[in-house]
Amino acid sequence: MKILVTGGTGYIGSHVVVELLQKGDEVIILDNLINSKTTSLANIEKITGKMPTFYQENLINYGAIEKIFKDHDFDLVIHFAGLKSVSESVEKPITYYQNNLTGTINLLKCMRDFHVKKLIFSSSATVYGDSNEPKCVETMPTGKGITNPYGKTKFMIEEILKDVCTSDSEFSAVALRYFNPVGNHSSGLLGEEPNGIPNNLMPYVMKVASGELPELSIYGNDYDTPDGTCRRDFIHVTDLAKGHLAAISALNTPGFKAYNLGTGTPTSVLEMVNAFEKVSGRPLPYKFAPRRAGDLAEIWADPSKAKNELNWQAELTIEDAIKDTLTFLENHRDMV
Ligand code: NAD
Ligand code: UFG
C-alpha cells in the first residue's frame with residue numbers, strides 16, 4: 001500500500017512509519033518540521049533499511065499538498081500532523097485552530113479531489129472531557145468539559161470526519177484516541193526530544209534523569225486516588241504504533257469509527273516515578289507541588305473495542321517503556 005503519513009517525522013508518526021516500512025508498505029511523509037527534525041528520517045532508515053520519501057511542507061499551504069497528491073496515488077492517509085501542547089494552545093488559540101483545523105480541512109479537500117477515501121486520525125483521550133467516568137468507553141459522550149483549545153481541535157476534527165463520512169458513503173475514517181504514549185523504539189534511535197522545559201511527565205523525567213533539570217515536580221498529592229497523585233494510562237509508543245496497523249483493517253468498511261488505544265490499566269504518577277527509579281537503579285529527585293490547573297484526577301482506557309474489532313491489545317509494560325527510554329538517553333548523551 002502507498003500511504004501518506006502527515007507528521008511522520010514526529011514522535012508517534014516516526015514509530016508508525018517504522019512499523020509500516022517493516023511490513024512492506026510504501027511511505028510518503030509530509031511534515032513541516034515545526035516540532036521534529038530530519039534526523040528521525042536517518043534513524044528510520046537505520047532501523048528499517050528503507051528511506052521514506054519526504055516532503056517538508058506545511059499542511060496550511062494547500063497548493064503544496066495538492067502537488068503531493070498529484071505526484072502520488074495514495075491508498076490511505078495517516079494524519080498525525082498537528083500542534084499538541086495543551087498549555088501553548090491556551091496562550092495561542094488562533095495558532096492552534098488554524099494549524100490543526102485548517103491543516104486537516106486542506107488535507108480532506110485534497111483527499112476528496114483526488115478520490116482518496118481512507119483516513120486514520122490521531123485523536124486523544126482528551127475528547128472525553130471532564131464530565132465522564134475515569135474509565136473511558138467509546139460509547140461515552142465527547143466534547144463536554146474540554147478545557148483547552150488543543151483538546152477542542154481534536155473533538156472538532158472528529159465531528160468534521162463524521163460529517164465527511166455522512167456526505168460520502170465510500171469514505172472511511174478511524175479516530176484513534178490515544179491515552180498517554182511513553183517510551184520509544186527499543187533501538188533507542190527514535191524518541192521524544194522536546195525543546196525547552198517539557199510539559200509532559202516522561203519528557204520531564206528524562207531531563208531530570210539526564211541531569212539537565214534538578215528535580216521533578218509532582219503536581220498534586222491530594223487527589224482522590226489510591227496514593228493521592230493523578231493516574232493515567234501510559235501506553236508504550238510501539239504498542240500504539242502497532243494499533244495503527246491494526247486499524248487499517250477497520251478502513252475496509254465505510255463510515256466513522258473511534259477506538260481507544262490504551263492499556264486499560266491506570267498507573268499513578270508516583271508509581272511511574274518509583275518504577276523509573278527501580279529500572280534505572282538510581283534515585284529520581286522529586287518534590288510534591290500544587291495541583292496543575294486543568295488536570296483530571298484519573299483517566300484510563302477501556303480498550304476492549306480495539307481488542308474485539310481490531311484484534312489489537314497493548315503488550316509492553318511501563319518497565320519496558322522505561323528501559324527503552326534509558327537506552328534512548330544513553331544514545332543521546334549530547335542532549336544533556
Ligand atoms: P509531534 O509534535 O512529535 O509530531 C507531530 C508532527 O506534526 C511534528 O513532526 C510536526 O513538525 C508536524 N506538524 C505540525 N503541524 C504541521 C503542519 N501544519 N504541517 C506539517 N507538519 C506539521 O507529536 P506526537 O506526540 O508525535 O503526536 C502526533 C499526533 O498525535 C498529534 O496530532 C497529537 O496531537 C496526537 N496526540 C499525541 C499525544 C501525545 O501524548 N504525544 C496524545 C494524544 C494525541
Ligand atoms: N505531571 C507531573 N509533573 C510534570 C508533568 C506532568 O506531575 O512535570 C503529571 C500531570 O500533573 C499529570 C500526569 O503527570 O497528572 C500526566 O501529565 P502529562 O502532561 O504527561 O499528560 P496529560 O495526561 O496531562 O496529557 C496527555 C497529553 C495530551 C492529551 C492527554 C489525553 O499530553 O495531549 O494526555 O489524556 F490530550
Side-chain angles (χ1 to χ4, degrees), residues 9-12 14-15 33-37 39-40 43 83-92 124 126 148 150 178-223 225 227-237 240 267-299 317-336:
T9 45
Y11 170 49
I12 302 170
S14 59
H15 286 85
L33 303 180
I34 193 165
N35 199 37
S36 54
K37 301 190 187 90
T39 44
S40 61
N43 287 325
L83 297 174
K84 63 161 184 177
S85 162
V86 169
S87 55
E88 189 184 49
S89 78
V90 175
E91 286 156 31
K92 301 177 185 170
S124 165
T126 194
N148 60 84
Y150 161 74
Y178 310 153
F179 282 70
N180 290 60
V182 289
N184 47 262
H185 190 266
S186 56
S187 62
L189 289 169
L190 297 173
E192 212 175 356
E193 296 175 67
N195 293 324
I197 310 261
N199 286 307
N200 298 120
L201 180 64
M202 279 310 276
Y204 204 107
V205 164
M206 287 163 75
K207 294 218 173 196
V208 175
S210 66
E212 200 180 336
L213 291 171
E215 67 182 351
L216 172 76
S217 292
I218 295 183
Y219 299 131
N221 62 346
D222 56 353
Y223 284 98
T225 57
D227 64 20
T229 67
C230 293
R231 295 201 298 167
R232 294 290 182 271
D233 188 335
F234 297 102
I235 174 166
H236 195 299
V237 68
L240 191 74
T267 301
S268 77
V269 174
L270 193 56
E271 283 170 339
M272 188 55 134
V273 169
N274 290 339
F276 199 94
E277 290 184 323
K278 194 164 173 214
V279 176
S280 69
R282 290 192 299 267
L284 188 89
Y286 68 85
K287 65 171 185 216
F288 292 115
R291 291 181 178 196
R292 185 172 72 174
D295 274 343
L296 297 179
E298 45 186 10
I299 175 166
T317 61
I318 57 165
E319 285 76 16
D320 293 320
I322 293 166
K323 224 180 290 160
D324 294 336
T325 300
L326 292 166
T327 311
F328 178 84
L329 281 176
E330 195 57 37
N331 283 353
H332 292 74
R333 284 195 170 277
D334 56 332
M335 276 169 69
V336 182

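As a basis for the values below, the full set of heavy atoms in this structure was taken, side chains included, without hydrogen atoms, waters or symmetry mates. In this text, all values refer to a predicted model and were calculated from it rather than measured experimentally.
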Heavy-atom pair with the smallest gap, counting every atom of [X] and [Y]:
X: Ser36; Y: Thr9; answer: OG-OG1, 2.8 Å
X: Met272; Y: Thr267; answer: N-CG2, 4.0 Å
X: Ala321; Y: Val182; answer: CB-CG2, 3.9 Å
X: Thr126; Y: Tyr150; answer: CG2-CE2, 4.5 Å
X: Ser217; Y: Lys287; answer: OG-CE, 3.3 Å
X: Ala275; Y: Glu319; answer: CB-OE2, 4.2 Å

*Selection residues 267-290 - residue pairs positive for ring-ring contact (aromatic ring centres under 6.0 Å, His included), sequence neighbours left out*: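 Output for this query lists Tyr286-Phe288.
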*Start with the C-alpha distance between Met206 and Thr325, add both sets of side-chain angles, then the distance that settles side-chain contact (heavy atoms from CB on, under 4.5 Å), and finish with yes or no.*
CA-CA 8 Å; Met206 287 163 75; Thr325 300; 3.3 Å; yes
Between [X] (side chain only) and [Y] (backbone N and O only), is there a donor and an acceptor less than 3.5 Å apart?
X: Ser14; Y: Ser40; value: no
X: Glu215; Y: Pro285; value: no
X: Arg291; Y: Ala297; value: no

Measuring from [X]:[atom1] to [Y]:[atom2], what's the distance to the nearest 0.5 Å?
X: Asp324; Y: Leu190; atom1: CG; atom2: CG; answer: 11.0 Å
X: Cys230; Y: Asn221; atom1: SG; atom2: CG; answer: 10.0 Å
X: Asn180; Y: Arg231; atom1: CG; atom2: CZ; answer: 13.0 Å
X: Tyr204; Y: Leu216; atom1: OH; atom2: CG; answer: 7.0 Å
X: Thr317; Y: Ile235; atom1: OG1; atom2: CD1; answer: 12.0 Å
X: Asn199; Y: Arg292; atom1: CG; atom2: CZ; answer: 6.5 Å

*Does a side chain donor of either Asn43 or His185 reach within less than 3.5 Å of an acceptor in the other side chain?*
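No, no side-chain donor-acceptor pair sits under 3.5 Å.
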*Does Asn184 reach the side chain of Glu192, with side-chain heavy atoms less than 4.5 Å apart?*
no
*asked:* Can you confirm whether Asn35 sits close enough to Ser85 that some side-chain heavy atom of one is under 4.5 Å from a side-chain heavy atom of the other?
replied: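 Asn35 does not reach Ser85 side chain to side chain.
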*Pick from Asp233, Val237, Ile12: which one makes a side chain to side chain contact (heavy atoms under 4.5 Å, CB included) with Tyr178?*
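Exactly one option meets the side chain to side chain contact (heavy atoms under 4.5 Å, CB included) with Tyr178, and it is Ile12.
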*asked:* Under the criterion side-chain contact (heavy atoms from CB on, under 4.5 Å), I'd like the reasoning laid out for Arg232 against Val269: C-alpha separation, chi angles, the key distance, then a yes or no.
replied: CA-CA 8 Å; Arg232 294 290 182 271; Val269 174; 5.6 Å; no
